[in-house]
Amino acid sequence: MKWPAMGYARVDSLDGLWRALDAAGPEAQILAGGQSLLATLSFRLSEPSGLIDITRIASLKGIGVTEAALRIGALTRHADLARDPLVARHAPLLAQAAPLIAHPAIRNRGTIGGSLALADPAAELPACVVALGATIVLASRSGERRVAASDFFKGLFTTDLEPGEIVVAVEVPVATAASRQTIVEVTRRSGDYAMAGLAAVLSIQADGGVADCRLVFFGVGSGAEIAQAASAALIGQQLSDASIAAAKAALADDLDPPSDLHGGPELKRHLAGVLLARALRPFLARSEQAA
Ligand code: FAD
């Protein structure tokens with residue numbers, strides 16, 4: 001299908017963006033990587049009055065370390081997350097997640113800001129930033145505000161973004177020596193959206209005790225689903241087959257998956273349990289893994 005008729009403006013600064021948003025009206029949409037938005041135009045699922053292309057705004061680009069956080073500009077492409085040495089060192093979860101997103105052509109255009117703003121319930125990056133305890137940096141004509149990732153996602157394709165506001169960056173606390181980060185998922189074909197997935201961030205002490213744990217599922221609900229009960233079942237325990245089994249059992253209190261094109265709630269619950277064990281077993285002490 002052909003796109004609807006609409007205006008197009010390309011801006012190279014935030015001031016230019018605010019002016020373009022005023023001129024284009026409330027129905028205008030931001031264009032970043034275009035990997036989701038352009039498909040919705042083709043299907044006439046969205047008919048914006050105009051597209052405002054932000055890809056030349058330099059202040060939305062780049063990855064750097066500030067104080068205790070890794071700051072990732074909103075225009076950072078998925079492919080950059082996969083190969084950037086700062087991401088690999090300070091937020092390895094994001095480096096692991098990026099190659100799981102779609103295919104190389106999409107990873108070369110799609111951006112972290114676009115993925116977070118879209119809030120697809122089966123997307124990897126929203127779950128990762130919640131698991132990492134990241135902060136989403138937003139900006140509008142009135143200035144910047146910061147929102148905890150766990151408060152940013154409000155449900156199916158819904159976020160805390162206000163009209164006239166954009167994602168400018170994500171700030172991720174840098175990984176400590178005790179930090180263990182992993183992402184696992186089940187897909188029908190390589191590159192598909194996940195049927196179910198799990199982003200896990202744990203802090204494990206030298207004696208194997210779990211000091212902190214955030215298990216965040218995707219593809220099993222209306223967004224990034226924090227498994228509070230399963231995480232609590234591990235905190236303060238030694239990581240062992242027994243504590244992993246207790247966390248699996250606790251998932252019954254955490255997840256209430258709806259049916260989707262991949263299957264019903266029972267299948268999703270089963271996959272979540274399998275993924276939990278698959279994610280955590282590699283962090284067991286070597287002696288337990290061999291058992
Ligand atoms: P765009 O398409 O440009 O924009 C998406 C939405 O976000 C629009 O509403 C836009 O206005 C808004 N927006 C963009 N940037 C900002 C910003 N900085 N601030 C505020 N609003 C903004 N994603 C996955 O996570 N996992 C997958 O497995 C996966 N598979 C895919 C398979 C296919 C075939 C395709 C086409 C896409 C897939 N995607 C997948 C989506 C892909 O990752 C997108 O790139 C991403 O979700 C959106 O990023 P974008 O930069 O392309 O955003």
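Read the numbers this way: they start at 1 and go in the same order the structure lists the ligands and their atoms. Just so you know, these numbers use all the heavy atoms, side chains as well, and skip hydrogens, waters and symmetry mates. Owing to the predicted nature of the structure, the values given are computational and were not obtained by experimental measurement.
Among the atoms of E124, some N or O lies under 3.5 angstrom from an N or O of ligand 1. Taking any N or O of G33, backbone or side chain, at least one lies under 3.5 Å from an N or O belonging to ligand 1. The distance criterion of under 3.5 Å between nitrogen or oxygen atoms is not met by L161 with respect to ligand 1. Looking at ligand 1, you'll find an N or O of I30 within less than 3.5 Å of one of its N or O atoms. Remark: ligand 1 and I166 share no N or O pair separated by less than 3.5 Å (distance only, no angle test). In terms of polar-atom proximity, defined here as any N/O pair under 3.5 Å, G34 does make such a contact with ligand 1.
Between A199 and L93, the shortest heavy-atom contact is CB-CD2, 4.2 Å. Taking all atoms of both residues into account, the shortest heavy-atom contact from T76 to G62 is OG1-O, 3.9 Å.
The heavy atom nearest to atom 35 (C) of ligand 1, considering only I106, L118, I112, is found in I106. Of the candidates A102, A117, A105, A117 brings a heavy atom nearest to atom 7 (O) of ligand 1.
At a cut-off of 3.5 Å, with distance as the only test, no side-chain donor of S13 or D15 sits close to an acceptor on the other residue. With hydrogens and angles left out, the side-chain atoms of T187 and E185 include no donor and acceptor closer than 3.5 Å.
Among protein heavy atoms, atom 53 (O) of ligand 1 sits closest to G114 CA, 3.6 Å. Scanning the protein heavy atoms around atom 46 (C) of ligand 1, the nearest turns out to be S36 OG, 3.6 Å. For atom 23 (N) of ligand 1, the nearest protein heavy atom (residue, atom name, distance) is Y193 OH, 3.2 Å.
Under a 4.0 angstrom heavy-atom cut-off, D120 registers as lying outside contact with ligand 1.
Judged purely by atom type and a 3.5 angstrom limit, K268 has no side-chain atom pairing as donor or acceptor with the backbone of H262.
Ion pairing between a basic and an acidic side chain is recognised when a charged N comes within 4.0 Å of a carboxylate O; E165 and R145 show such pairing.
Residues L280 and I235 do not share a hydrophobic cluster, defined by chaining ILVMFWY side chains whose heavy atoms lie under 4.5 Å apart.
Each of the following atoms of ligand 1 lies closer than 4.0 Å to a heavy atom of T111: 49 (O), 50 (P), 51 (O).
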